[in-house]
J.: 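So that we are looking at the same thing, I have put the structure below in structure tokens.
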Amino acid sequence: MLHTLQLAPFVDALPLPEIIRPTLQNGHHSLTLTMQEIHAKVHRDVPATRMWSYASSGAGTGALAPLIEARSGQTLQIRWVNNLPAKHFLPIDHSLHGCGPGVPEVRTTAHLHGAKTASKDDGYPEDWFTPGHSRTCTYPLQQEATALWYHDHAMGINRINTYAGLFGMFLLRDQAEDSLHLPAGKYEVPLILYDRDFAADGQLFYDVSGDPQSPWIPEFTADGVLINGKIRPFFEVEPRLYRFRLLNTANSRFFLLSLAGPSGAVQSFTQIGTDQGLLASPVELKRLILGCAERADILIDFSQSAGQTLHLRTGAFDILEFRVAKQPAAPTTTSIPKTLRTIERIPESSATNTRTLTLHEYQDNAARPMVMLINRKHWHEPVTETPKLNSTEIWEFVNLTEDTHPMHLHLVRFQILDRRPFDKTDYLINKKLRFTAPAATPDPNELGWKDTVQCPPGTITRIIVRFEGYPGKYLYHCHILEHEANDMMRPFEVIA
Ligand code: C2O
Ligand code: CU
Ligand code: CU
């Protein structure tokens with residue numbers, strides 16, 4: 001194994017993705033993204049690593065998939081081309097649902113996470129296609145500005161497809177956002193965070209259980225923290241306000257982010273947006289926990305830090321070095337708006353149905369996690385969640401495990417109502433719900449629109465959802481990719 005913790009930190013500049021803006025052709029905006037095998041350097045001292053990535057037609061061989069920038073309300077067509085090799089280079093677990101004999105090794109679907117998309121274009125896990133094939137999907141983008149992201153969703157293997165590198169960022173813009181005059185251009189910077197382990201020769205390492213019949217492991221967190229494709233890079237900034245678009249694409253890792261000043265003292269930053277767009281007003285933070293698939297839109301003001309060095313951290317570990325120049329390139333006046341937009345809270349009374357969804361982990365005789373389920377049901381069992389189109393429902397996730405699960409629903413955005421701890425033993429043994437503390441309202445930086453929610457252990461997390469958009473089959477799942485594969489993922493169907 002490569003000891004990534006011993007690699008010299010901050011020797012590579014932070015890479016920035018190529019930005020692609022869809023071009024107007026025959027009345028609609030379209031673009032092509034090709035999945036292909038690439039070799040890219042994750043660090044100065046590590047030989048090039050084999051990965052899979054998306055590239056815009058013709059160009060682009062970097063580790064970072066292009067950043068798509070689109071306007072809200074402009075229908076976009078993406079042609080997803082699978083040009084991957086026929087053999088996978090990471091360990092497939094053939095005992096998992098959808099990975100049995102006769103199923104091709106390399107399969108992909110492309111899902112635009114956070115987009116309000118018709119079911120047939122949403123990248124349903126079983127809608128996979130093999131190398132040499134392509135799919136064209138239509139994204140109406142009838143939704144507000146935010147950071148979306150695209151990633152693989154192929155049944156049973158998306159955790160290794162994503163680990164191989166099949167993910168990218170997507171920024172959706174609208175007029176409401178434009179009118180705020182937030183830092184833009186080179187002052188708006190995507191930060192895509194994830195973790196990887198490497199073998200001594202620099203090749204990606206993904207762990208297995210040790211049982212060749214079922215190599216699946218319940219979680220995977222690696223030592224090497226990458227941002228935009230590099231291990232612990234540096235970034236040169238000017239002493240002024242910056243906007244950072246954070247996205248956690250890690251399989252299992254949550255990032256506990258903070259900003260450390262030159263002496264190590266914690267400095268605050270400002271969160272202005274979450275998964276589904278801007279918050280109502282800015283929230284000053286010292287610490288931000290970014291779960292798998294979550295996004296955070298943050299502002300950092302370097303104007304008082306001219307000539308200094310600051311670090312972005314996860315826990316106590318520095319992952320990105322900011323080197324602040326002595327002078328701004330031009331005089332700047334950008335400031336943080338006091339209000340960002342109006343967000344009306346959905347009244348609980350508008351919900352016509354409440355669904356209780358229990359989260360379970362089952363262990364084998366040696367106390368090893370074997371399978372994780374929602375409501376004790378596997379993916380392939382018949383649909384049980386059938387909300388009506390345009391109805392409002394409360395979904396409560398009853399977490400009976402030891403982990404925090406980042407639960408994600410396709411198609412919709414939602415608001416978090418509250419979280420309330422309860423006694424798991426009473427619930428499981430005596431079939432009695434006994435709360436052990438009052439319900440806690442979400443933190444101020446969670447009061448916006450979300451599509452992924454952290455559900456802590458021994459807690460009931462309630463969200464309120466309006467099922468707008470399209471009728472059809474969708475899914476919801478834990479975004480810890482190992483959990484999702486086995487089998488913490490269920491369909492739901494919106495009924496017209
Ligand atoms: Cu990030 Cu099922 O999605
Ligand atoms: Cu999604
Ligand atoms: Cu989970």
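Atoms within each ligand, like the ligands themselves, are counted from 1 in listed order.
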J.: Using a cut-off of 2.8 Å, how many protein N, O or S atoms lie below it in distance from the Cu ion (ligand 3)?
T.: 3
J.: Is there a donor-acceptor pair under 3.5 Å between the side chain of Asp197 and the backbone N or O of Phe205?
T.: no
J.: Kindly report the NE2-the Cu ion (ligand 2)-NE2 angle for His111 and His408 respectively, rounded to 10°.
T.: 170°
J.: Taking the six-membered ring of Tyr163, is the NZ or CZ of Arg196 close enough (under 6.0 Å from the centre) and on axis enough (within 45°)?
T.: yes
J.: Please identify which of these residues, His483, His405, His111, His408, meets the ring-ring contact (aromatic ring centres under 6.0 Å, His included) condition with His477.
T.: His408
J.: Using the benzene-type ring in the case of Trp, are the ring centres of Phe129 and Trp80 under 6.0 Å apart?
T.: no
J.: If I take atom CZ from residue Arg287 and atom CZ from residue Arg313, how far apart are they, to the nearest 0.5 angstrom?
T.: 13.0 Å
J.: Check whether any N, O or S atom of His479 sits under 2.8 Å from atom 1 (Cu) of ligand 1.
T.: yes
J.: For the side chain of Asn228 and the backbone of Ile192, is there at least one donor-acceptor N/O pair under 3.5 Å apart?
T.: yes
J.: Would you mind telling me which of Trp149, Phe167, Phe254 makes a ring-ring contact (aromatic ring centres under 6.0 Å, His included) with His479?
T.: Trp149
J.: What N, O or S atom of His151 is found closest to atom 1 (Cu) of ligand 1?
T.: NE2
J.: Please name the atom of His113, limited to N, O or S, that comes nearest to atom 1 (Cu) of ligand 1.
T.: ND1
J.: Trp395 and Phe414: aromatic ring centres closer than 6.0 Å?
T.: no
J.: Strictly under 2.8 Å, is atom 1 (Cu) of ligand 1 approached by any N, O or S atom of His111?
T.: no
